[in-house]
2 protein chains.
Amino acid sequence: MAPSSPEVLLWQRARDPHTGRWALPGGRLGATEDVEASVRRHLAEKVDLGEVAHVEQLSVFSDPHRGPAPRRVATAFLGLVPSDADPAVPDDTAWHPVDALPPTAFDHGEITRAGLDRLRAKLSYTNIGFALAPEIFSISELRRLYASALGHRVSATNLQRVLTRRGVLVPTGSTAAPGPSGGRPAALFRFSEHRLRVTDPFATLRPPDC
Amino acid sequence: MAPSSPEVLLWQRARDPHTGRWALPGGRLGATEDVEASVRRHLAEKVDLGEVAHVEQLSVFSDPHRGPAPRRVATAFLGLVPSDADPAVPDDTAWHPVDALPPTAFDHGEITRAGLDRLRAKLSYTNIGFALAPEIFSISELRRLYASALGHRVSATNLQRVLTRRGVLVPTGSTAAPGPSGGRPAALFRFSEHRLRVTDPFATLRPPDC
DNA sequence: GCAAAAGTGTTCTGGCTACACCCATGG
DNA sequence: CCATGGGTGTAGCCAGAACACTTTTGC
């Protein structure tokens, strides 16, 4: 069975065009901010998401017919919050699993897929997991997060070894209490860094011996 | 010694702001085109570059102070032409090696570096070389192109094997005439595809056994 | 003791690098 | 026949996947 998927925050439009359809949070670029600042501002204003763990630019969506006139050009971003974040969201706003999106407004479905693709790719070769995981977590929890985002099973054994070898994961020394049905207590880890870093640079055609 | 670097097409500004500095080709987005169409149109209009082998979006540059008022938001692109392309360029336009840029206008130096970084990364894990190489080429020629773009020496032996294993390179059967000082005639190759394809997907954390 | 959950040891594989060696041509 | 430029054979390395086995808990 496929693991459950990550979720996107969407708000339901109350007026035309596309009344009732679900849209990504966002808005106009201010005169004195760059696009990233604008994204952070809109998230903080419209939804209670002042603490976004990671934000990165996806791509520009500029099809002249992506929405009704007047023509709009959108710079799409991927923003991630940890699994234990629980922002207070307005009534018209809700989290939706990316593999079962409600009817989306404009090209926001396409944008969402682009975000998921980017996340999946970066899980492989960067430490981007820091933006999905709580501050402290067990390997099993992390495994569930990775499996959910990637859409396939992930081996806890290998996940731990890969991330440890890369210096991404640091043991805290403490352990979690076992569940009601027993089992060995899980060791707890945290990410060594909370900034995006490429941990597995493309090795192919690398410089000779240096 | 470092190999010679790839070149960027720049034009010299004739008026304020930044008179005399060198700028990337580009211009305003039209009302009925998307950003990629706009890039292709500007290249075709301003310089004789109707035949760009590959175009891809880099990123949006939107610092409110990236240029004088009025504020402009730029969507930067990477465009590649084969090494044997020789477009007729206007008088105010010239190719410059990326490792020795003349004084650049606005943030165009930064944009150029971003383009080079993107090219370097993609040389490792895609077939993007098709956009740099002539239709038919020897491994030595291709080696020079890769070394120049990557900024370090590249082994012809391994380059051939990597690209062949990935199915990117196809032998044509013919050979090139040796140079004046002799030497074995080089076998000639071409790229199997002229569309970007990821040839070395990130293997880490791939799905189990399937 | 037994089931459940977590963690370790070990082997195998495949892609890439490195390097020694072999091939074809001009003078 | 030798210098020059091309091409092949082969060994080693390393990251990751797979899987069997061990450890620590609740009941």
Side-chain angles (χ1 to χ4, degrees), chain A residues 123-127 129 136-147 150 152-189 198-210, chain B residues 123-127 129 136-147 150 152-189 198-210:
Chain A
L123 280 172
S124 272
Y125 68 97
T126 72
N127 65 343
I136 302 290
F137 50 86
S138 70
I139 297 295
S140 315
E141 289 176 72
L142 192 63
R143 188 193 65 76
R144 273 189 292 275
L145 288 172
Y146 270 71
L150 290 170
H152 62 72
R153 274 170 304 134
V154 169
S155 148
T157 299
N158 295 330
L159 181 62
Q160 181 188 358
R161 271 201 279 239
V162 167
L163 296 185
T164 300
R165 181 178 25 230
R166 292 178 177 176
V168 165
L169 233 47
V170 177
T172 62
S174 53
T175 56
S181 57
R184 175 171 173 175
L188 293 174
F189 293 80
V198 172
T199 56
D200 184 34
F202 312 102
T204 319
L205 303 176
R206 68 168 182 272
D209 270 353
C210 52
Chain B
L123 280 173
S124 271
Y125 68 96
T126 71
N127 64 344
I136 302 288
F137 51 85
S138 69
I139 296 295
S140 317
E141 289 177 71
L142 191 63
R143 189 191 65 75
R144 273 188 291 275
L145 288 173
Y146 271 71
L150 290 171
H152 61 73
R153 271 169 308 132
V154 169
S155 146
T157 299
N158 295 330
L159 181 63
Q160 180 187 358
R161 272 202 279 241
V162 166
L163 297 185
T164 300
R165 178 177 32 227
R166 293 177 175 177
V168 166
L169 233 48
V170 177
T172 62
S174 53
T175 56
S181 58
R184 175 171 171 174
L188 293 174
F189 293 79
V198 172
T199 56
D200 184 32
F202 311 103
T204 319
L205 303 176
R206 69 167 181 271
D209 269 352
C210 49

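Just so it is clear, the values below take in all heavy atoms, side chains as well, and ignore hydrogens, waters and symmetry mates.
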Inset, instruction - Check the pair Leu169(B) / Ile139(B) against side chain to side chain contact (heavy atoms under 4.5 Å, CB included), numbers first and verdict last. - result: CA-CA 10 Å; Leu169(B) 233 48; Ile139(B) 296 295; 3.7 Å; yes

Inset, instruction - List in numerical order all residues of residues 164-171 of chain A for which some heavy atom is under 4.0 Å away from an atom belonging to DNA chain C. - result: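 By residue number: none to list.
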
Nearest-Å distance, [atom1] ([X]) to [atom2] ([N])?
X: Gln160(A); N: dT8(C); atom1: CD; atom2: C1'; result: 9 Å
X: Leu150(A); N: dA17(D); atom1: CG; atom2: P; result: 11 Å
X: Asn158(A); N: dG7(C); atom1: CG; atom2: P; result: 14 Å
X: Asp200(B); N: dA15(D); atom1: CG; atom2: C1'; result: 13 Å
X: His152(B); N: dC16(C); atom1: NE2; atom2: P; result: 14 Å
X: Arg153(A); N: dG16(D); atom1: CZ; atom2: P; result: 20 Å
X: Glu141(A); N: dA5(C); atom1: CD; atom2: P; result: 14 Å
X: Arg143(B); N: dG6(D); atom1: CZ; atom2: C1'; result: 12 Å

Inset, instruction - Only counting residues at least two apart or in another chain, list the ones meeting ring pair (Phe, Tyr, Trp, His ring centres under 6.0 Å) with Phe189(A). - result: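 By the ring pair (Phe, Tyr, Trp, His ring centres under 6.0 Å) rule, Phe189(A) matches no residue at all.
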
Inset, instruction - May I ask you to test the Asp200(B)-Val162(B) pair for a side-chain heavy-atom distance under 4.5 Å? - result: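 They are not in side-chain contact.
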
Inset, instruction - Report yes if some heavy atom in the side chain of Leu142(A) is under 4.5 Å from a heavy atom in the side chain of Val154(A); otherwise report no. - result: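 No, side chains not in contact.
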
Legend entry - Spacing of CG belonging to Leu159(B) relative to OG1 belonging to Thr164(B), to within rounding of 0.5 Å: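 Between Leu159(B) CG and Thr164(B) OG1, I get 8.5 Å after rounding to 0.5 Å.
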
Please write out the pairs of protein N or O atoms and N or O atoms of nucleotides 12-14 of chain D separated by less than 3.5 Å, giving the distance to one decimal.
none

Legend entry - Pairing residues for Thr199(B) by the side-chain hydrogen bond (donor to acceptor under 3.5 Å, both in side chains) criterion, not counting sequence neighbours: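 Thr199(B): side-chain hydrogen bond (donor to acceptor under 3.5 Å, both in side chains) contacts with Arg166(B).
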
Legend entry - Partners meeting side-chain hydrogen bond (donor to acceptor under 3.5 Å, both in side chains) with Thr172(B) (sequence neighbours left out):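 Checked Thr172(B) against side-chain hydrogen bond (donor to acceptor under 3.5 Å, both in side chains); matches are Ser174(B).
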
Inset, instruction - Using heavy atoms to find the nearest nucleotide of DNA chain D for Ser138(B) and Arg161(B) separately, return the residue whose nucleotide is more 5′. - result: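 That would be Ser138(B).
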
Legend entry - Residues touching DNA chain D, which here means a heavy atom under 4.0 Å, drawn from residues 176-188 of chain A: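 Under 4.0 Å from DNA chain D: Pro178(A), Pro180(A), Gly182(A), Gly183(A), Arg184(A), Pro185(A).
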
Inset, instruction - Under the side-chain contact (heavy atoms from CB on, under 4.5 Å) rule, collect the residues that match up with Thr157(B), sequence neighbours excluded. - result: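 With neighbours one apart ignored, the set is Ser155(B), Arg161(B).
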
Legend entry - side-chain contact (heavy atoms from CB on, under 4.5 Å) partners for Pro178(A), two or more places apart: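 Once residues adjacent in sequence are excluded, the partners of Pro178(A) under the side-chain contact (heavy atoms from CB on, under 4.5 Å) criterion are Pro185(A).
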
Legend entry - Per Ser140(B) side chain, nearest of listed nucleotides dG6(D), dG7(C), dA6(C):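 Closest nucleotide among those given: dG6(D).
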
